[in-house]
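Report on the following structure.
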2 protein chains.
Amino acid sequence: MPERKPRADAVRNREAVLAAADRLFATCDRPEQVTMADIADAAGVGKGTLFRGFTDRTGLIHALYETRLEPIRQAITDGPHPLGPGTPPLERALALLDAILCFKLDHRHLALALEATGTDSPYGATHYDWWHGTLRDVLAELPGFTTVDFTAHALLAAVRADLIDHLTDHRHLPREQLRTDLAEFTTRVLTSTAGPGTHSFA
Amino acid sequence: MPERKPRADAVRNREAVLAAADRLFATCDRPEQVTMADIADAAGVGKGTLFRGFTDRTGLIHALYETRLEPIRQAITDGPHPLGPGTPPLERALALLDAILCFKLDHRHLALALEATGTDSPYGATHYDWWHGTLRDVLAELPGFTTVDFTAHALLAAVRADLIDHLTDHRHLPREQLRTDLAEFTTRVLTSTAGPGTHSFA
DNA sequence: TACGATACGGACCCGGGGTCCGCTTAACCC
DNA sequence: GGGTTAAGCGGACCCCGGGTCCGTATCGTA
């Protein structure tokens with residue numbers, strides 16, 4: 001079974017669609033305003049082609065997101081300091097979160113579009129489990145940490161796309177401000193010597 | 001102009017609709033499965049009545065959410081210890097977040113429905129500004145805090161409905177576990193002596 | 001060049017949010 | 001209680017967007 005190679009026009013179209021979608025999402029301010037028909041038109045293909053290639057709306061956005069995310073993923077799994085492995089945990093955790101933040105800033109439209117699919121909250125997405133797992137493993141290397149799992153979730157929640165979007169677009173927080181704020185917050189969380197701080201209320 | 005009193009059937013219907021909606025959202029597992037027509041049927045009224053009374057889907061969910069939220073709001077603005085004013089800031093912040101967490105646990109369906117409206121991310125909702133403002137003011141009373149604004153956002157992000165839902169329904173974290181985890185996390189954030197933790201990466 | 005497999009595309013379907021308007025009925029006045 | 005008025009009702013209807021289908025065009029191969 002020599003596994004036929006995919007047709008040339010198919011791959012060409014696939015690229016065209018991804019490019020068109022990226023462009024449209026980037027220019028329109030509410031991702032749900034971008035309709036499938038719009039994307040098809042902009043890419044110069046029929047609607048059927050979209051769904052053949054990407055199954056459904058979510059699939060298309062997913063695919064797009066994935067391509068943009070790949071480099072960062074790479075940098076984390078086996079890249080150089082400070083993102084790659086081999087960086088001491090506290091510094092690496094900070095680097096991770098900063099990287100996510102910057103990514104979301106640079107690709108706000110995509111991240112928002114992804115979350116706006118509605119079909120699956122971010123927590124259904126495959127990315128999320130990966131991010132969470134990675135961050136959790138890093139935190140686990142820090143001494144004296146018990147609630148690693150929840151902490152990873154909470155830290156990731158601080159860089160969710162819509163929050164970032166709200167802070168930059170509506171509240172006009174400049175990028176660097178946001179980065180330092182996040183860094184300080186993360187540092188607080190990770191360097192605290194919190195004993196059993198569990199005050200219990202009735 | 002003696003200001004006619006509202007018609008009896010109108011208020012009766014309003015209640016019926018709210019009750020029906022609450023019931024439906026509570027039983028169906030994905031809020032977007034509940035259609036406006038469903039709610040109208042369940043309440044024994046016509047679709048027109050829904051839109052007359054609540055403008056649109058978002059409005060209906062908003063109204064519902066508001067009624068459930070009111071007691072807690074009350075307890076915070078002028079209730080007793082530990083939620084009310086007059087509680088020392090650290091303890092009060094912990095109480096606030098715990099209260100939000102419990103509320104979202106008890107009304108998961110509503111909170112999810114609200115976020116799933118899509119039309120406005122949680123950050124567009126009026127509640128959010130109030131929560132954020134309240135929490136921010138409390139944090140501001142803690143000594144040595146600089147990034148109060150962002151910290152408030154980040155802490156609130158940790159109790160977002162879909163995260164809570166994911167942790168309880170998919171990961172099966174028990175309620176009490178979640179509460180203690182959140183309490184510890186919050187304590188870490190608020191009791192850390194974080195100096196200028198702003199390591200800068202290139 | 002001929003042929004099979006694959007991809008194309010746009011007409012079409014369907015379900016859900018939101019509208020509209022002729023009819024109903026509660027509130028007010030006597 | 002009976003008449004008048006306008007607020008309220010409801011469901012047929014519209015619109016729009018995601019997703020499907022299948023006759024046709026195109027590619028890859030021999």
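Labels below follow one simple rule: chain letters A, B, ... track the order of the sequence lines, proteins then strands, and each chain is numbered from 1. Here the structure is a predicted model, which is why all the values come from computation and not from measurement. All values below come from the heavy atoms of this structure, side chains included, with hydrogens, waters and symmetry mates left out.
Here the side chains of B:R68 and B:D22 are in contact, with some heavy-atom distance below 4.5 Å.
Straight-line distance from the CG atom of B:N13 to the C1' atom of D:dA7: 13 Å, rounded to whole Å. Put simply, CG on A:D41 is 13 Å from C1' on D:dG17, counting in whole angstrom units. Between the P atom of D:dG18 and the CD atom of B:E32 lies a distance of 15 Å, rounded to the nearest Å. When the P atom of D:dG28 is taken as reference, atom CG of A:D9 falls 7 Å away, rounded to whole Å. If you take CZ of A:R52 and C1' of C:dA7, they are 5 Å apart, rounded to a whole angstrom.
Comparing atom distances between the A:T35 side chain and each of D:dG17, C:dG16, C:dA7 picks out D:dG17 as nearest. Of the candidate nucleotides C:dA11, C:dG18, C:dC8, C:dA11 has the atom nearest to the side chain of A:K47. For A:V45, the side-chain atoms get nearest to C:dG9 when compared with the rest of C:dG18, C:dG9, D:dC27.
Each of B:V34 and B:R12 has a nearest nucleotide on DNA chain C; the 5'-most of these lies closest to B:V34. DNA chain D is contacted by both A:R57 and B:G48; B:G48 maps to the nucleotide lying nearer its 5′ end (nearest heavy atom per residue).
With hydrogens and angles left out, the side chain of A:R7 and the base of C:dA7 share no donor-acceptor pair within 3.5 Å.
Ring centers of B:H153 and B:Y128: under 6.0 Å apart, within the cut-off.
Note: A:R7 CZ to A:N13 CG = 9.5 Å, rounded to the nearest 0.5 Å.
Side-chain N/O atoms of A:T151 and A:T147 include a donor and acceptor closer than 3.5 Å.
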